[in-house]
Amino acid sequence: MLITLTDAATKIRAANKILITAHIQPDGDAIGSTLAAMMILRSLGKNAQVFIDDTVRRNLQVLPHFEEIRRPVDGETFDADLLLILDTSPDRIGNVSKLTDAPILNVDHHVTNTSEGVDLYDEPKAAATCEIIYKLARELGAKITPDIATCLYAGLATDTGFFQFSNTQADTLAIAAELIRCGVSPNFISEQFEMKTLAEVRGLAAALNSLKIFYDGKVAGMTLDHATAKKFDSTEGFIDEIRVIDTVDVAFLITEKAPNVCRVSMRSKGVNVSKIAAELGGGGHIRAAGCTLKMPLADAEKILIEAIGSGFAN
Ligand code: 5GP
Ligand code: MN
């Protein structure tokens, strides 16, 4: 059921033991929003714990209280009276769903979130889930400490490409300014988040070497096979290097994470890539979306290029 932000705040006020989670393959908004929510709820006297069922890439591990995030282990349960799911619909939280059968409160900004049977506050106009958590903190009367502000700023910065993408609204910048007043060091976040290992830079070189152009230059794509991809931790930012090509509308990166498991990332300047991703079992935003294709890399590339081609037609 779709609910308002005030309803979401009421549900949080009524709960005492809150399990917080976000999507697998977590990004800065997933980790930033869950950690900020944990600190906010604890400041209100609640018992709050973050679980994420995935590894978290190194750059994000600098966020305050990162070390308190737990990963569910087999057979584990967690006593909660509310499961707060952030930045995704409930189908992308891995085994966190097995920890509790507490009622779900889902807070998200993905246009593709079509969760049914749960309380959902979805604000696709919000640049990041962290923007909504900021508003929720205000609604709940919580104080925004420097640590909370840092986590919220991290999510805003990640999902707007450091305030460059079209989802950057006046509100986004106003909230970012307020977070800086609350104690964020913007340079700390940008320096930590743009940092790459030597292996990652070599990985970027390998990805760029695979660059192919389709549909008269409107589409640019890169692929990383498993033998190459396994040498480094993260492909964050790789796709941005080809998104900038002047003729390109849609850019994609396919990373073979494991044999026959291909992660697809898409970025666009116009075409609605969330529709293309949703057709392939994934989701996301109009200009940034992704999916996982369980098939050999060459097949994934063929299917994706066809789906992008139909995206131009729609
Ligand atoms: P990225 O390319 O950075 O991994 O993802 C871009 C956007 O698409 C993010 O908002 C991310 O949450 C969303 N996204 C990526 N992969 C998937 C997927 O498999 N399913 C859904 N629902 N969303 C995805
Ligand atoms: Mn997000």
Side-chain angles (χ1 to χ4, degrees), residues 21-37 52-54 56-57 59-60 85-94 106-115 120-134 151-162 165-168 172 175 193 207 221-224 229 233-243 250-255 257 261-268 271-295 300 303-304 307-308:
T21 192
H23 54 86
I24 51 171
Q25 288 146 0
D27 56 14
D29 194 29
I31 299 300
S33 63
T34 49
L35 285 176
I52 301 279
D53 190 17
D54 210 339
V56 178
R57 64 165 194 275
N59 309 54
L60 303 177
I85 300 179
L86 303 179
D87 201 37
T88 177
S89 45
D91 55 333
R92 287 185 76 214
I93 62 170
N106 189 189
V107 174
D108 194 8
H109 70 131
H110 286 92
V111 64
T112 45
N113 188 330
T114 51
S115 309
L120 169 66
Y121 178 69
D122 193 7
E123 192 183 323
K125 283 209 180 94
T129 298
C130 279
E131 196 172 310
I132 309 173
I133 299 299
Y134 172 85
C151 289
L152 293 177
Y153 185 92
L156 284 182
T158 303
D159 274 19
T160 59
F162 281 84
F165 300 156
S166 60
N167 58 354
T168 309
T172 323
I175 293 172
F193 281 22
M222 303 187 289
T223 52
L224 285 167
D233 185 35
S234 163
T235 56
E236 184 69 20
F238 286 17
I239 197 168
D240 298 318
E241 301 296 330
I242 59 167
R243 184 176 57 83
V250 178
F252 70 81
L253 169 68
I254 312 179
T255 309
K257 284 278 182 192
V261 180
C262 297
R263 273 287 311 151
V264 174
S265 272
M266 283 183 278
R267 298 291 182 271
S268 103
V271 170
N272 183 350
V273 285
S274 80
K275 258 175 89 180
I276 299 169
E279 272 162 25
L280 298 173
H285 307 285
I286 293 170
R287 293 188 167 80
C291 58
T292 297
L293 297 173
K294 292 192 174 153
M295 57 187 75
I303 283 177
L304 181 65
I308 293 172

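Computed from a predicted structure; not experimentally measured. We use all heavy atoms of the structure for the numbers below, so side chains are in, but hydrogens, waters and symmetry mates are not. First listed ligand is number 1; within each ligand, the first listed atom is number 1.
Interatomic distance, I52 CD1 to Q25 CD, rounded to the nearest 0.5 Å: 12.0 Å. Taken to the nearest 0.5 Å, the OG atom of S265 stands 6.0 Å off from the CG atom of L253. In this structure, CD1 on I242 lies 4.0 Å from CE on M222, to the nearest 0.5 angstrom.
The backbone N or O of V271 lies less than 3.5 Å from a partner atom in the side chain of S268, making a donor-acceptor pair.
A search for side chain to side chain donor-acceptor pair (under 3.5 Å) contacts involving N106 returns N113, S115, not counting sequence neighbours. Scanning for salt bridge (Lys or Arg N to Asp or Glu O under 4.0 Å) contacts around R243 gives D240, with sequence neighbours left out.
Within 4.0 Å of ligand 1, heavy atoms belong to protein residues R92, H110, R263, S265, R267, G282, G283, G284, H285, A288, A289, G290, C291.
Side-chain atoms of D159 and H109 include a donor-acceptor pair closer than 3.5 Å. Checked by atom type, the side-chain pair R263/T292 shows a donor-acceptor distance below 3.5 Å.
Contact between I132 and A126 at its shortest, heavy atoms only, is CG1-CB, 3.7 Å.
Counting only protein N, O or S atoms, 4 lie closer than 2.8 Å to the Mn ion (ligand 2).
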